[in-house]
Amino acid sequence: MKTSWRSASLAAGAVVVLALTTACGQDGGGTQPASQNVGATAAAGGYGGTGIGNGAGAGAGAEATEQQGAAAPAVPAGKLGVSANAELGRVLTDADGRTLYRFDEDTAEPPKSNCEGECATAWPPVPADDASAGAGIDKNLLGEVTRADGTRQLTVGGWPAYRYAKDVAPGETKGQGVGGTWYALAPDGKKAALADLPGLSTRKDPELGEIVVDKNGMTVYRFMKDEAWPKPVSACTGACLENWPAVAPVEANDTEGVQKKGLMSFTRPDGTKQQTVNCWPIYTFSGDTAPGDTNGQGVGGTWFAVAPDGKPIGAPEKE
């Protein structure tokens with residue numbers, strides 16, 4: 001990753017943070033949490049057989065271990081969600097928040113699973129039966145493939161989906177990179193990967209011009225019912241936040257091309273912190289499934305992409 005934009009001196013960074021802290025009478029920028037689940041609710045429970053290692057069947061490239069009894073019953077996927085992982089970016093999860101994976105030795109065109117036997121014990125195939133698309137997931141990318149045993153397995157972008165037996169809690173990604181062939185799924189079926197971008201930066205959109213994006217390249221938005229002065233106030237609460245996740249705090253020196261004045265975080269009523277640009281709260285949109293999407297632009301006449309100076313692009317002139 002290029003780090004030239006990170007090279008500002010600590011002394012200069014301290015001055016910037018001090019200025020930003022007093023800009024709107026609120027908190028300064030903070031460090032982003034390691035992960036933030038934005039599309040699923042965590043639930044307790046495992047898949048059984050958690051002592052089973054990585055089955056090596058079908059060329060899985062992982063260590064082989066003795067199977068511990070019969071395979072556990074298939075666990076329904078439910079409504080799929082998207083988790084924001086600090087190392088992998090946007091990761092696809094099942095309804096319980098557990099990471100879904102893809103296997104390099106499978107094929108997507110046409111969909112085919114090559115994970116059988118011990119491999120399928122260590123990497124349980126995700127049933128297609130009740131799987132549905134949650135926020136931030138294109139339902140048209142969901143499909144199914146019939147396995148050799150006649151069961152139907154969920155596919156995402158054509159790739160068969162699996163869980164990992166050693167992931168026993170929501171948000172775990174112990175299967176990432178196993179054997180050089182197993183990788184967490186992104187919502188579009190590709191391998192999850194963090195974009196090589198600062199916490200906040202800008203990009204040139206062909207229709208909207210220069211807009212602010214987050215570290216995953218996702219478009220950032222403003223809500224016209226929010227307030228910035230004398231302090232930031234978010235009017236997006238409850239169900240609204242499911243569709244418009246709040247952007248977590250970003251360090252001032254972890255930005256590029258964004259106005260530093262008013263670049264700060266504030267504390268929401270529930271105690272979480274949210275980033276602002278020019279003191280205005282900022283969000284992403286669950287309807288944007290890939291970097292470059294601007295599906296949130298103009299929604300309800302109240303949501304608009306953010307310019308580098310914090311102004312809403314294309315909004316009615318009311319400010």
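Quantities reported herein were computed from a predicted structural model and do not represent experimental measurements. Every heavy atom of this structure was used, including side-chain atoms; hydrogens, water molecules and symmetry mates were not.
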Under the side-chain hydrogen bond (donor to acceptor under 3.5 Å, both in side chains) definition, can you give me all pairs with a residue in residues 131-143, not counting sequence neighbours?
Asp138-Asn140
With sequence neighbours excluded, give me every disulfide bond (SG atoms under 2.5 Å apart) pair touching residues 136-233.
none
Side chain proximity check, Trp280 to Val277, heavy atoms < 4.5 angstrom
no
Validation row: Val82, Ile137 side chains within 4.5 angstrom (heavy atoms):
yes
Do the rings of Tyr162 and Phe103 sit parallel, tilted or perpendicular, given the 30° and 60° boundaries?
perpendicular
Would you say Arg147 and Pro160 make side-chain contact, with heavy atoms under 4.5 Å?
no
Arg203 side chain reached by Thr219 side chain, heavy atoms, under 4.5 Å
yes
Report the relative orientation of the aromatic rings in Tyr101 and Tyr164; use parallel for angles under 30°, tilted for 30 to 60°, perpendicular for over 60°.
perpendicular
Disulfide bond (SG atoms under 2.5 Å apart) contacts touching residues 166-247 (sequence neighbours left out)
Cys236-Cys240
More than 12 foreign heavy atoms under 6.0 Å from NZ of Lys174: is that the case here?
yes
List the steps and the verdict of side chain to side chain contact (heavy atoms under 4.5 Å, CB included) for Leu263 and Asn278.
CA-CA 5 Å; Leu263 185 66; Asn278 195 23; over 6 Å; no
Glu172 and Lys166 ion-paired at < 4.0 Å
no
Would you list the pairs meeting salt bridge (Lys or Arg N to Asp or Glu O under 4.0 Å) in which at least one residue belongs to residues 276-290, sequence neighbours left out?
none
Is a side-chain donor-acceptor pair under 3.5 Å present for Ser234 with Tyr283?
yes
Other than Leu88, which residues form its hydrophobic cluster under the rule that side-chain heavy atoms must be closer than 4.5 Å?
Val91
About how many Å separate NZ of Lys261 and CG of Asp309, when rounded to the nearest 0.5 Å?
11.0 Å
Does Asp214 reach the side chain of Thr284, with side-chain heavy atoms less than 4.5 Å apart?
yes
Does the pair Leu200 and Ile282 meet the rule for a side chain to side chain contact (heavy atoms under 4.5 Å, CB included), with working shown?
CA-CA 11 Å; Leu200 287 177; Ile282 57 174; 4.1 Å; yes
Any chance the side chains of Thr202 and Glu210 put a donor and an acceptor closer than 3.5 Å?
yes
In sequence, state the C-alpha distance, the side-chain angles, and the governing distance for Arg163 and Val126, and then conclude on side chain to side chain contact (heavy atoms under 4.5 Å, CB included).
CA-CA 7 Å; Arg163 300 181 180 95; Val126 178; 4.0 Å; yes
Which value, rounded to the nearest 0.5 Å, describes the distance between Arg90 atom CZ and Lys190 atom NZ?
12.5 Å
Under the rule for ring pair (Phe, Tyr, Trp, His ring centres under 6.0 Å), what residues qualify as partners of Trp244, not counting sequence neighbours?
Tyr221, Phe285, Trp303
